[in-house]
Structures are given as C-alpha cells and as structure tokens.
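Below you'll find the structure, written out as structure tokens, and then a few comments.
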Protein chains: 2
Amino acid sequence: MLKDENSNTCISSSFSIFKSLNSDELELLNANLKCNTYRKGEIIYREGSWITGIYCVKKGILKIYKTGIDSKPQIVAFAIKGDITGYRSVLSNEMACTTAEIIEEAEICFIPSDIIFSLIKTNSDFALSLIQLTCRELDQANIFIKDIAQKTVKQRLAEILLMLENTFKLDEEGYIAVNLTREDLSSIVGTATESVIRILGEFKNEGLIAIKGKKIKINDKKKMNLISDSIF
Amino acid sequence: MLKDENSNTCISSSFSIFKSLNSDELELLNANLKCNTYRKGEIIYREGSWITGIYCVKKGILKIYKTGIDSKPQIVAFAIKGDITGYRSVLSNEMACTTAEIIEEAEICFIPSDIIFSLIKTNSDFALSLIQLTCRELDQANIFIKDIAQKTVKQRLAEILLMLENTFKLDEEGYIAVNLTREDLSSIVGTATESVIRILGEFKNEGLIAIKGKKIKINDKKKMNLISDSIF
DNA sequence: CGGAACTTTGACACGTCTCAAATGCCGTGG
DNA sequence: CCACGGCATTTGAGACGTGTCAAAGTTCCG
C-alpha cells in the first residue's frame with residue numbers, strides 16, 4: 001500500500017473539481033500522479049512553454065502571472081491548496097499563457113493531460129465542473145477589468161487586501177497568512193511599488209490596517225469596503 | 001418546410017461552437033430555438049437578472065458590459081455573427097454578470113438552458129468546445145488586465161483599435177465596420193471620453209488613422225502595433 | 001425645425017509615476 | 001556567530017499623464 005505516497009489520499013475531495021469522480025476514476029487519477037515539493041522562487045511552468053498536464057496544489061502558495069512591458073509581471077491569480085492550475089493551456093492545446101511561481105513552499109501533483117481529456121470524455125459532470133470553474137474565473141477577470149479601469153489605486157488596493165483576506169486564511173493574530181512583497185502587491189493592483197507603500201501607510205495611519213513586516217491585518221473591514229466601493 | 005424560419009439554416013456550422021453536433025443534435029437544437037430581431041439600444045439581458053438560456057447571434061453586433069462606479073459601463077466583449085453570449089451565467093447557475101445591448105440591428109436566437117445541459121451530458125466534444133471557448137476568453141481577459149494595468153491610455157487605445165479591426169470586418173473603404181461612440185471607446189479602454197477624443201486626434205494628425213464620423217480606418221498598422229507595444 | 005445626444009476644445013487640478021537616496025532586513029559565507 | 005552584500009522598503013521632490021469641469025460646436029432624428 002502506497003497510500004501515503006502517491007495514492008488515494010493525494011487527490012480526493014479536497015479538490016472540489018474532482019468531486020464528481022467515482023472511485024474508479026479517482027484510482028486512475030492517483031495511479032498517474034507525480035507529486036513533488038518545491039521551494040520558494042521555483043517556477044512550475046513558464047509563459048510560452050508547452051505543458052503536458054495540469055498541476056494540483058496540495059500545499060503551499062503559487063502566484064500566477066503574465067509578463068508585460070519591461071518584463072514587469074502582472075499577477076492574475078494565486079493557487080492554493082485544492083486549486084488546479086495550467087489547465088487552460090492544456091485544455092486548449094496552447095502554450096502556457098502564464099508563469100506559475102512558488103511563493104510559499106509547496107507540494108504539487110502533476111496529472112498528464114490525456115488523463116484529463118479521458119475524464120472529460122467519460123464523465124460529463126467532471127466536464128461541467130471544469131466549465132463552471134472557468135466561467136467563474138472569467139467573471140472574476142471581468143470584474144477586475146472593470147475595477148482596474150474605473151477605480152483609483154487606493155480603491156483597488158483596498159479591494160485587493162480584502163480579496164487576499166478572503167483567499168488566504170488568517171494567522172492566530174488575524175494577519176493575512178501570506179507573504180507578499182510590496183512589489184507583488186503592486187503587480188496585482190497594477191501600480192508602482194512606491195504607491196503601494198504610501199497608500200499602505202495611509203491605511204495604517206487611519207487605523208484601517210496593521211502591518212508587521214510583510215504581514216498585513218485588516219482592522220476595519222467595513223471601512224475598507226467603503227473605500228473599495230468608492231462610497232468614500 | 002420551415003427551413004427559412006427557425007430550422008436547420010439557423011444554427012449550423014456558422015457557430016463553430018456547435019461544430020461537433022451531429023444532425024440529430026442540430027435538429028433538436030433548431031426545434032427549440034426562438035429567434036428574434038432587435039434594434040439598436042435594446043437590451044437582451046441585464047446584469048443581475050436571471051436568464052434561462054443562451055443567445056446566439058445570427059446577425060448584428062452586441063456590446064457586453066459590466067456596470068461600474070456611477071453606473072459607468074465597462075465593455076468586456078462584443079458579440080457578432082456566430083458568437084454565443086449569456087452562457088456563463090447559464091452554465092454556472094448564476095445571475096447574469098453582464099448586460100448585453102444591441103449596438104447594430106441584430107437577429108438573435110435563444111436556446112433554453114436544458115438543451116445546452118443535455119448536449120453537454122451527451123456530447124463530450126461539445127463540452128470540450130465550451131471549455132475551450134471559456135479558456136480562450138479567460139486568457140483574453142487576463143491579457144487585457146495586464147495591458148490595462150501596465151499600458152498608458154494611448155497604448156491601450158492603439159491596442160483596442162487594432163482589436164476592433166481584427167474583430168469587425170472592414171467596409172469598402174477600409175474603415176472598421178462598427179459604429180462606436182467615443183464614449184463606447186472610452187468604456188473599453190478604461191479612460192475618459194475626452195482622452196479618447198484627444199488621442200484619436202493625435203493619431204489622425206500623425207496620419208496613423210483616418211476618421212469619418214464614428215468610422216475609423218487604420219492607415220499604418222505597423223506603427224500602431226509599435227505604439228501599442230510601447231516600443232515607441 | 002428643434003432638441004437631445006454626441007463631439008470637440010480649453011484650462012486646470014490632482015493622482016500617480018519616476019528617479020534618487022537613505023534606511024532596514026535577511027541570508028550567505030567566512 | 002557575526003559581517004557583509006544584496007534585496008526590499010521607505011521617503012522626498014518633481015514631472016507628467018489623465019481626469020474633471022465648462023462651454024461651444026456638431027450631428028442625428030423625430
């Protein structure tokens with residue numbers, strides 16, 4: 001029994017995308033996995049490269065970004081425990097359109113694309129789950145387009161902080177449990193690093209947040225929402 | 001034979017999303033269609049409402065937008081002949097997250113959602129087509145996030161003009177065959193109407209484009225690309 | 001023909017970016 | 001274990017891009 005290594009415990013209900021698989025399908029999946037641990041800074045796949053399967057995050061945090069002008073990155077998503085990534089390129093037979101980089105020591109399983117395609121073929125509920133996953137992400141992306149186009153940097157930063165609190169758990173003290181550099185933050189919000197620093201400072205002075213190094217705690221979620229929604 | 005009204009000629013190979021359907025499935029589809037013509041300004045569905053099926057565009061042009069701050073719209077897509085819209089909300093059982101408005105007299109067919117779901121269930125190729133469609137749109141959205149976050153208004157406007165030329169056909173004189181107000185343009189680019197006007201003026205003075213009322217013609221596509229890619 | 005919506009132009013204020021320099025933090029190697 | 005070097009953060013000053021507001025001109029359509 002290799003249960004602790006590669007098998008059943010690896011992919012299961014913690015990945016909601018696989019919730020519609022029966023035990024046979026789960027077994028097929030787990031029999032074809034390659035799991036690995038990665039350290040901060042490692043690249044799982046790179047924009048423009050061909051990837052041959054999708055990646056499931058068992059543990060840790062990845063940032064998913066596109067590379068823009070002067071190789072300035074634009075973070076378009078994070079992947080945490082239970083998320084899959086790389087599926088877009090695999091499903092549409094295209095080169096990876098983003099880069100996936102570890103920002104917190106991670107354990108990641110690789111699933112070859114033919115397994116995914118055969119699951120889509122044989123299990124329509126799984127296919128539907130995938131459709132719904134992409135639809136949800138598409139709406140998120142459109143919301144962000146709207147916000148980045150219409151909101152000020154301050155509003156966007158408030159919004160992103162709330163999003164981060166929503167995405168990542170809080171530690172014992174209430175700080176958002178992720179270490180992002182100020183530059184990372186600027187690469188999400190779409191602004192200069194210095195602007196992030198200045199506005200974080202304002203938020204802190206107004207008592208809206210607390211800062212301890214890279215860790216941020218939102219003190220006044222209500223006011224933060226008002227700022228983000230520009231009712232302020 | 002009602003061929004000219006609702007049946008086979010209506011949904012067919014012109015909708016690439018339906019290319020994987022066999023003749024039985026096409027027949028089922030066409031038997032359940034409701035087609036209508038709409039005039040400029042009409043709303044097909046509205047953000048926040050529940051829609052019970054998807055819409056196929058046989059003719060005409062729609063703008064798809066989200067409503068933002070001070071009800072300022074943010075256009076996130078267009079739908080033209082051969083496109084489907086509204087599928088995101090249907091597939092993920094959520095309220096419409098965008099509004100679809102006619103900007104050029106259109107002929108549109110409605111397909112009830114249960115038909116779509118049953119096709120997904122029985123035809124995995126159709127499901128895969130849908131997945132690939134959403135994946136492509138998702139990447140487009142992420143590209144636009146990157147650009148809107150990193151590019152100047154001028155660069156974005158150049159990019160959008162190129163995109164419009166790519167999306168819509170050209171008329172006999174080479175003008176992009178769509179009538180967008182300057183405000184529409186500003187709602188795509190994410191800027192003020194006045195900024196669009198001023199920069200269009202610059203482009204025109206530099207001979208990059210020609211303007212005839214709402215119609216725009218790109219004279220120097222190469223230079224336009226350079227501007228958009230900020231190699232300029 | 002009249003009015004409404006759209007377009008254009010100008011002046012001005014403000015937000016945000018850029019550049020530069022100082023300080024702080026952290027991991028690596030001696 | 002400490003010192004060093006490099007990277008991240010912070011702060012300031014100044015320039016520039018864009019948004020806002022106001023007013024005039026234009027087009028469109030009933």
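All values below come from the heavy atoms of this structure, side chains included, with hydrogens, waters and symmetry mates left out. Numbered from 1 within each chain, the chains take letters A, B, ... in sequence-line order.
- Straight-line distance from the CG atom of L200(B) to the P atom of dC6(C): 16 Å, rounded to whole Å.
- Here Y55(A) and Y87(A) keep their ring centres 6.0 angstrom or further from each other.
- Across the protein-nucleic acid pair, E194(B) atom CD and dC12(C) atom P stand 16 Å apart, rounded to whole Å.
- More than 12 heavy atoms of other residues, nucleotides or ligands sit less than 6.0 Å from atom CD of E107(B).
- Checking T99(B) against K66(B) by side-chain atom types alone, no donor-acceptor pair falls below 3.5 Å.
- OP1 or OP2 of dT9(D) sits under 4.0 Å from a side-chain N or O of K214(A).
- R39(A) and I102(A) make their closest contact through O-CB, 3.6 Å (heavy atoms, listed as atom of the first residue, atom of the second, distance).
- Contacts between residues 180-192 of chain A and DNA chain D, defined by a heavy-atom separation under 4.0 Å, are made by T181(A), R182(A), E183(A).
- Taking atom CD1 of I197(A) as the reference point, atom P of dT11(D) lies 8 Å away to the nearest angstrom.
- Environment of NZ in K204(B): sparse, with no more than 12 heavy atoms of neighbouring residues, nucleotides or ligands closer than 6.0 Å.
- Heavy atoms from other residues, nucleotides or ligands lying under 6.0 Å from CD of E104(A) number more than 12.
- One atom, NZ of K215(A), and another, P of dA8(D), lie 17 Å apart when rounded to the nearest Å.
- Note: CG (L157(A)) to P (dG15(C)) measures 16 Å, nearest angstrom.
- For the pair I148(A) CD1 and dT16(C) P, the interatomic distance rounds to 12 Å; values are reported in whole Å.
- Side-chain contact, K63(A) with S187(A): no donor N or O sits under 3.5 Å from an acceptor N or O.
- The C1' atoms of five pairs define one axis at each end of the helix from dC1(C)-dG30(D) to dG30(C)-dC1(D), and these two axes lie 50° apart (to 10°).
- Regarding contacts with the backbone of dT16(C), every side-chain N or O of S195(A) stays at 4.0 angstrom or more from both OP1 and OP2.
- The base of dG17(D) has none of its N or O atoms less than 3.5 Å from a complementary donor or acceptor on the side chain of R198(B).
- Rounded to whole Å, the distance from NZ on K40(B) to P on dC6(C) is 8 Å.
- Heavy-atom distances under 4.0 Å link DNA chain C to no residue of residues 61-71 of chain A.
- Side chain to side chain, Y65(B) and E101(B) meet the donor-acceptor criterion of an N or O pair below 3.5 Å.
- Here T152(A) lies in heavy-atom contact (under 4.0 Å) with sugar-phosphate atoms only.
- Shortest non-hydrogen contact noted between L62(B) and I44(B) is CD1-CG1, 3.9 Å.
- Within 6.0 Å of atom NZ in K221(A), 12 or fewer heavy atoms from other residues, nucleotides or ligands are found, so the atom counts as exposed in its surroundings.
- Atom pair I211(A):CD1 and dC25(C):C1' shows a separation of 16 Å (rounding to whole Å applied).
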